[in-house]
Every structure is written in structure tokens, then in C-alpha cells.
2 protein chains.
Amino acid sequence: MNFSLDDIQQKFRGCGLKSTPQRTAIYQALVHSTAHPTAEDLFAQVLPTYPMLSLNTVYYTLGVLRTAGLVQEVNIGHDRARFDANLSPHHHVICLGCQTILDVMDPKLNRLTSPSGLPKDFEITQYQVAFRGYCGPCRQSKASNTASSSGKRPISQ
Amino acid sequence: MNFSLDDIQQKFRGCGLKSTPQRTAIYQALVHSTAHPTAEDLFAQVLPTYPMLSLNTVYYTLGVLRTAGLVQEVNIGHDRARFDANLSPHHHVICLGCQTILDVMDPKLNRLTSPSGLPKDFEITQYQVAFRGYCGPCRQSKASNTASSSGKRPISQ
DNA sequence: TTGATAAATAGGAATGATTACTAAAAAGGA
DNA sequence: TCCTTTTTAGTAATCATTCCTATTTATCAA
């Protein structure tokens, strides 16, 4: 989870990517974050160090890194793209209140087999489970609005 | 899966929604589709019957139906929202080539339990598994570009 | 070290899905 | 039938993302 600048340079080179200060900074910001930031989040984070940085460059960089397989996009809606540099198999828990995304690395989720009822020429290459619900604070604020439902319920789809 | 106009009217009323011809047509188009259409798809489909229909109305209607819980949004990227009126527990298979979305109703996927490592005050209300890969035709076109990888591989995240 | 070449950067403009605003029309209830 | 509220349709606005392009930079070979 922690990379030196040299590691990152190596990683970029290994993918045939040039290693530039901006690119390194953007990637490092993403690697060190567990918040699944947006392009704009990363822009804001790197801007103090590179005041000439363009948001455009952030988008371009994320595109390049995604193509190279160093970064993945996480979808929680159709608002803004959020990014993740965690390449180990994992899944996501999304709070429907505050849009927080948590990583979940539960080995039992990594053993799902191809679902039944698929066309047999369909080749599955990956899968991801998205759990949705409400984090503690958001449950509080929901409860103060409507006085209902705090008991444990079975998970449904 | 097949609803009469009366059924739909009942359903709308039950949710406190007015039943209008446009709304009914939009919902019906969605219910009868398995293609997870976009707002624009639905607009195009209903337009011949209601030439004065506004795309705006389609968005508004989908928003209302989603709030009422009659419709869900499916995310496959950050391009356009796609919609689904299938309320029974199911999951999705997404072709990375042509963006087709297939419904998967495999009972074994409906028995996942809450993942380990969650904050204990987080309440999961739903989850969905998204399988990604390539459908038959898209595998063909991939293969004609790069001559590689057609054997069966284990699924990874 | 230098020069050549291809990629990366920054800036502004463009795109395109979605939302906001608003007046007119329609639905549902009294 | 009348009233109230929602819905509709049209136009304009928003906002994330992409496109275009000139300049700069990284990398590689000589």
C-alpha cells in the first residue's frame, strides 16, 4: 500500500508510461487515499504542490492509468466518477446517505462462481459486489426524520 | 412481468402517484424491456404514441418512479443512467464490449451474508453483484484484433 | 550531452446527459 | 363541477467530462 517514488516510476515504466511529476503526484494521492476520490478531489489535493496543474490533466492521467490497469473506476451512481488504486480483489460498501465508499476484503466474496442462466459463450472476466446501506451517522439522521425501522433485517437485493 | 393498464393504475395509486397516459406508457415500456434502457431509449420508444412527449417528462417520471421504489437505476459506467423495473432479487452481467446488461437470477447469489470488517453500526439494506466480461459476438471481434486468451480462466475481481 | 520524437501538460472551448424553472394542462377528490 | 396539487412540455441552465491545440517535457539514441 506504500510506494516510494522509485517504485512508482518503475510501475509507470513497466506499463510504458512516462513518469512525470504531475502523474506521480496524482497517482500517489490516489494510492494513499481510501476515500475513492473524484477527479476533482485529486485535483484539489495535488494543486497546492503543482499550482499550474490542470483538471484536464487529472482526467487524462486517470484515463491513462485506467487503461494501463493501475486504477479502476467505481460507480455509485451517475453523478461523478470515483477512483480506486486498490488492485487486490475487493468489494465495496456504499452509504446511501453520505456516499461514502468502504473497501471490503472478505475472502468468502472472492469465491463466487459464474452465475447460472448465462449464454454459454459469455466469458466472465471479473465481478464485484456492491453492498448498499447506511453508516452509523446517516442512520441517526434518518431516524430523527422518520421514527421507524432500526431492527436487524435480512439483506435483500 | 405482464401488467394490464388497470394493474399499473393500481400500482401508481398505491404509491400515491397520479396515473397519466405518458407515465403509464413510460413505465410499460420499461416493464416490457429486458434491455435496461436509457431515458432516451424510453423516450424514443414512447414518442410515436405521444408525439408531444418531452424527454424532460421521461426523466421526471423515472425520478418519481425511482423514489416510489418501482424502478431502479443500474450503473455500468458514468455515461448514461440505465433503468430497470425488475423488482425481484437479481443481479447483472455486463458486456464490456457492447454494454449489454443481462439479468441474472441465480438463487445462490441471494444468500450472501454481511461482509466481515464492516463498522458494526453500518446497516446493509441491499446488495448487487455485477459480473463483467464479454458476450459471444464481442469475444469474436476482440479475438480478430488480438490473437490471445480464449481458454477458460478463473474469475477474478 | 545533445537532438529527435512521441507523449504529456494546460488552457479554453465544446459536448452531452441531466436538472431547474415555469406556464399551461390534467388528475383526483370534495 | 370546482379546487388543489401534480404533471407535462418547453426552454434554458448546469456540470462532469471530453475535445482541440500549442507548448513543454520525458525518454531514447547517437
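Chain letters run A, B, ... following the sequence lines, proteins first and then strands; every chain starts at 1. Owing to the predicted nature of the structure, the values given are computational and were not obtained by experimental measurement.
- Not a single donor-acceptor pair under 3.5 Å links the side chain of A:Arg66 to the backbone N or O of A:Glu73.
- A donor-acceptor pair under 3.5 Å links the side-chain atoms of A:Thr24 to the main chain of A:Thr20, judged by distance alone.
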Sequence neighbours excluded and cut-off under 3.5 Å, please list the side-chain donor-acceptor pairs for residues 41-50 of chain B, or say none.
unit_1	atom_1	unit_2	atom_2	d
B:Asp41	OD1	B:Thr38	OG1	3.4
B:Asp41	OD2	B:Thr38	N	2.9
B:Asp41	OD2	B:Thr38	OG1	3.1

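- One can place NE2 of B:His78 at 12 Å from P of C:dT18, the figure rounded to the nearest angstrom.
- In this structure, the side chains of A:Leu17 and A:Lys11 stay at 4.5 Å or more apart for every pair of heavy atoms.
- Distance A:Leu65 CG to C:dA7 P: 16 Å, rounded to the nearest Å.
- Under 4.0 angstrom from either OP1 or OP2 of C:dG28 there lies at least one side-chain N or O belonging to B:Arg13.
- A donor-acceptor pair is defined here as one N or O able to donate and one able to accept, closer than 3.5 Å; no such pair exists between the side chain of B:Tyr134 and the backbone of B:Gly97.
- For DNA chain D, the contact window with chain B, defined by any atom under 4.0 Å from a protein heavy atom, covers D:dT5 to D:dT11 in 5' to 3' order.
- Within the nucleic acid shown, B:Thr38 has no heavy atom closer than 4.0 Å to any nucleic acid atom.
- For B:Val74, the side chain to side chain contact (heavy atoms under 4.5 Å, CB included) test picks out B:His36, B:Ile76, B:Asp84, B:His92, B:Ile101, with sequence neighbours left out.
- Sequence order on DNA chain C of the closest nucleotides to B:Arg82 and B:Gln9 puts B:Arg82 first from the 5' end.
- Look at CG on B:Leu62: it is 10 Å from P on C:dT18, rounded to the nearest Å.
- Across all their heavy atoms, B:Val104 and A:Ser116 have their closest contact at CG1-O, 4.2 Å.
- Judged by distance alone, the side chain of A:Ser33 and the main-chain N or O of A:Ala29 form no donor-acceptor pair under 3.5 Å.
- Between the B:Asn75 side chain and the B:Gly77 main chain, no donor and acceptor come within less than 3.5 Å of each other.
- Between B:Leu17 atom CG and C:dG29 atom C1' there is a gap of 16 Å when expressed in whole angstrom units.
- Contact check of residues 20-28 of chain A against DNA chain C (heavy atom, cut-off under 4.0 Å) returns A:Thr20, A:Gln22, A:Arg23.
- Between the B:Arg132 side chain and the A:Thr125 main chain, no donor and acceptor come within less than 3.5 Å of each other.
- Terminal axes of the helix from C:dT1-D:dA30 to C:dA30-D:dT1 (five pairs each, C1' rotation axis) are separated by 40°, to the nearest 10°.
- No side-chain heavy atom of A:Asn56 sits less than 4.5 Å from a side-chain heavy atom of A:Val58.
- Scanning residues 39-57 of chain A for heavy-atom distances under 4.0 Å to DNA chain C yields A:Met52, A:Leu53, A:Ser54, A:Asn56, A:Thr57.
- Listed for the B:Gln72 side chain is no donor-acceptor partner under 3.5 Å among the backbone atoms of B:Leu87.
- Where B:Arg66 and A:Tyr60 each meet DNA chain C at their nearest nucleotide, the meeting point lying more 5' is that of A:Tyr60.
- Under the 3.5 Å distance criterion, the side-chain polar atoms of B:His91 are matched with a main-chain donor or acceptor of B:Val129.
- Scanning atom types as modelled, one donor and one acceptor separated by under 3.5 angstrom connect the side chain of A:Lys18 and the base of C:dA6.
- B:Leu102 places none of its side-chain heavy atoms less than 4.5 Å from the side chain of B:Ile94.
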